[in-house]
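Here is the structure we will look at, set down as structure tokens.
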Amino acid sequence: MIIKDLHTHTMFSDGKLTPEEVCSIAKAKGYLVGISDHCGEGSFQINSDDQFRHYLQALEGLAVFKSAELDLGTQIAVSPHLLGKCDYLIGGVHSISDLNFFDSQARLPASRAILEQMLGLIETKAQHHRFQILAHPGLLPSKLRPEAGKILDNKWSQRLVELALKYDFALEISSRWELPSYETIQTALKAGVRFSLGSDGHGWDTACRLDYSLEMVEKAGIRPDRIFDAGMLSG
Ligand SMILES: [Zn+2]
Ligand SMILES: [Zn+2]
């Protein structure tokens with residue numbers, strides 16, 4: 001199986017590497033790689049056609065898949081026709097209404113309510129933006145992450161799997177966040193969902209680090225035909 005890391009970041013959003021550096025890390029490991037910088041509201045994200053054109057230009061001619069991680073909890077101002085120039089798109093939940101998942105001081109509603117809002121957001125956005133991969137499924141507000149194993153229960157897995165099948169997106173197996181759990185992966189595998197591998201790497205030590213993703217592929221027995229195919233590399 002050719003290993004593809006389809007989720008990495010560069011200096012075009014909040015990563016530390018240039019696209020060329022991501023490319024060389026992947027090459028050294030013998031992986032194919034996709035660059036998927038953040039797109040949406042917020043100072044570090046790409047959110048205009050001009051910025052997005054500049055980003056695409058920087059990826060042109062490199063042996064990388066072109067992608068973007070759409071921040072589903074915010075408004076994405078990049079035109080659909082420019083997003084359509086990507087080889088594939090990723091959707092990621094980092095906030096719901098006014099709750100930022102990276103604010104450790106935020107007051108939290110009940111965890112069931114958070115899950116319902118996350119599922120609702122994924123569904124609404126999937127109807128408007130075609131994304132082929134859902135990033136880090138089940139990423140929770142920072143305070144709740146230590147309890148993720150308890151919070152992300154069977155009911156969550158079932159609902160997530162239903163959405164993945166209905167809107168035809170692959171579930172990312174994220175090495176950075178060690179999500180989804182092995183149990184959720186098994187549920188999704190049985191139901192016919194496809195997967196994608198992602199480091200969510202932002203720097204030298206994290207780009208193309210796929211330890212958890214590869215461990216889950218092996219442990220769950222995920223065959224290559226069940227892994228999202230980003231197509232042929234151009235450039
Ligand atoms: Zn993300
Ligand atoms: Zn990311």
Side-chain angles (χ1 to χ4, degrees), residues 1-8 31-34 36 65-73 83-84 86-94 96 111-112 114-140 148-200 210-233:
M1 181 176 93
I2 300 167
I3 297 171
K4 296 177 185 174
D5 178 359
L6 295 186
H7 186 164
T8 64
Y31 295 175
L32 297 183
V33 71
S36 54
F65 294 111
K66 296 196 249 333
S67 182
E69 181 180 7
L70 308 177
D71 184 17
L72 299 183
L83 292 174
C86 289
D87 295 301
Y88 61 91
L89 291 169
I90 300 179
V93 178
H94 309 100
I96 42 169
S111 47
R112 174 54 55 195
I114 294 175
L115 296 187
E116 287 303 323
Q117 282 194 61
M118 282 167 63
L119 291 161
L121 180 64
I122 293 165
E123 174 142 40
T124 310
K125 293 292 172 144
Q127 290 163 355
H128 292 95
H129 299 282
R130 184 78 184 86
F131 54 86
Q132 287 76 31
I133 298 168
L134 181 71
H136 40 66
L139 180 70
L140 294 169
K150 258 192 273 165
I151 295 170
L152 301 167
D153 55 9
N154 280 339
K155 191 176 164 196
W156 154 263
S157 301
Q158 297 288 353
R159 297 274 306 280
L160 178 70
V161 163
E162 281 166 26
L163 288 180
L165 293 172
K166 185 172 174 187
Y167 295 100
D168 192 26
F169 55 75
L171 296 182
E172 177 183 77
I173 303 177
S174 171
S175 284
R176 178 180 182 196
W177 301 104
E178 302 199 349
L179 287 168
S181 66
Y182 176 59
E183 291 71 25
T184 302
I185 291 170
Q186 280 180 307
T187 305
L189 187 63
K190 272 190 215 129
V193 170
R194 282 180 306 162
F195 299 92
S196 171
L197 315 186
S199 67
D200 204 353
L210 288 175
D211 307 27
Y212 179 79
S213 317
L214 293 172
E215 184 195 328
M216 288 299 117
V217 166
E218 176 85 27
K219 190 172 169 189
I222 301 171
R223 293 197 317 264
D225 65 339
R226 295 294 294 280
I227 295 186
F228 173 76
D229 186 2
M232 299 295 288
L233 262 185

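Atom set for the values below is all heavy atoms of this structure, side chains included, hydrogens, waters and symmetry mates excluded.
- Atom CD1 of residue Ile133 and atom CG of residue Leu70 lie 11.0 Å apart, to the nearest 0.5 angstrom.
- Under the 3.5 Å distance criterion, the side-chain polar atoms of Asp5 are left unmatched by any main-chain donor or acceptor of Val33.
- Distance check, rounded to the nearest 0.5 Å: CD1 of Ile3 to CG of Leu214 gives 4.5 Å.
- In this view, Glu183 satisfies the salt bridge (Lys or Arg N to Asp or Glu O under 4.0 Å) rule with no residue, not counting sequence neighbours.
- Residues Ala220 and Ile185 share a closest heavy-atom pair of CB-CG2, 4.0 Å.
- Under the 4.5 Å side-chain criterion, counting only non-hydrogen atoms from C-beta, His7 is in contact with Ile90.
- Not a single donor-acceptor pair under 3.5 Å links the side chain of Ser199 to the backbone N or O of Leu210.
- In this structure, Leu89 CG and Arg130 CZ are separated by 9.0 Å, a value rounded to the nearest 0.5 Å.
- A side-chain donor-acceptor contact under 3.5 Å links Glu172 to the backbone of His136.
- The heavy-atom pair separating Leu171 from Pro137 by the smallest distance is CD2-CG, 4.1 Å.
- For Glu218, the CD atom counts as loosely surrounded, since its 6.0 Å shell holds 12 or fewer non-hydrogen atoms of other residues, nucleotides or ligands.
- For Arg226, there are no salt bridge (Lys or Arg N to Asp or Glu O under 4.0 Å) partners two or more places apart in sequence or in a different chain.
- One finds the CG atom of Asp200 at 9.5 Å from the OG atom of Ser175 (value rounded to the nearest 0.5 Å).
- In this structure, Ser213 contributes its side chain and Ile173 its backbone to a donor-acceptor pair below 3.5 Å.
- Between Leu72 and His128, every side-chain heavy-atom pair lies at or beyond the 4.5 Å cut-off.
- Classification of Arg223 and Asp225 as a salt-bridged pair holds, one side-chain N sitting under 4.0 Å from a carboxylate O.
- Taking the ring centre of Tyr182 as origin, the terminal cationic atom of Lys219 falls inside the region bounded by 6.0 Å and 45° from the ring axis.
- Tyr88 places no side-chain N or O within 3.5 Å of a backbone atom of Phe228 that could act as its donor or acceptor partner.
- Arg159 and Asp153 are not joined by a salt bridge, as no carboxylate oxygen comes within less than 4.0 angstrom of a charged side-chain nitrogen.
- Rounding to the nearest 0.5 Å places CE of Met118 at 5.5 Å from CG of Leu140.
- Contact annotation: the side chain of Ile122 never approaches that of Tyr167 to less than 4.5 Å [non-hydrogen atoms, C-beta and beyond].
- Note that CE of Met216 is 12.0 Å distant from OG of Ser174, once rounded to the nearest 0.5 Å.
- Between Gln158 and Thr187 there is a side-chain heavy-atom pair separated by less than 4.5 Å.
- The shortest side-chain heavy-atom distance between Glu69 and His94 falls under the 4.5 Å cut-off.
- Inter-residue side-chain proximity for Trp156 and Leu119 is flagged as met; some heavy-atom pair is nearer than 4.5 Å.
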Evaluation steps, side chain to side chain contact (heavy atoms under 4.5 Å, CB included), between Phe195 and Leu189: CA-CA 9 Å; Phe195 299 92; Leu189 187 63; 3.7 Å; yes
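- Between Leu152 and Thr184 there is no side-chain heavy-atom pair separated by less than 4.5 Å.
- The two residues Cys86 and Lys66 make their nearest non-hydrogen contact at CB-O, 3.3 Å.
- Results of the side chain to side chain contact (heavy atoms under 4.5 Å, CB included) test with Leu134 over Leu163, Val193, Leu160 single out Leu160 as the only residue that passes.
- Counting heavy atoms from C-beta on, the side chains of Lys4 and Ile227 never come closer than 4.5 Å.
- With hydrogens and angles ignored, the 3.5 Å screen pairs a side-chain donor or acceptor of Ser36 with a backbone N or O of Thr8.
- More than 12 heavy atoms of other residues, nucleotides or ligands shown are found within 6.0 angstrom of CG on Asp211.
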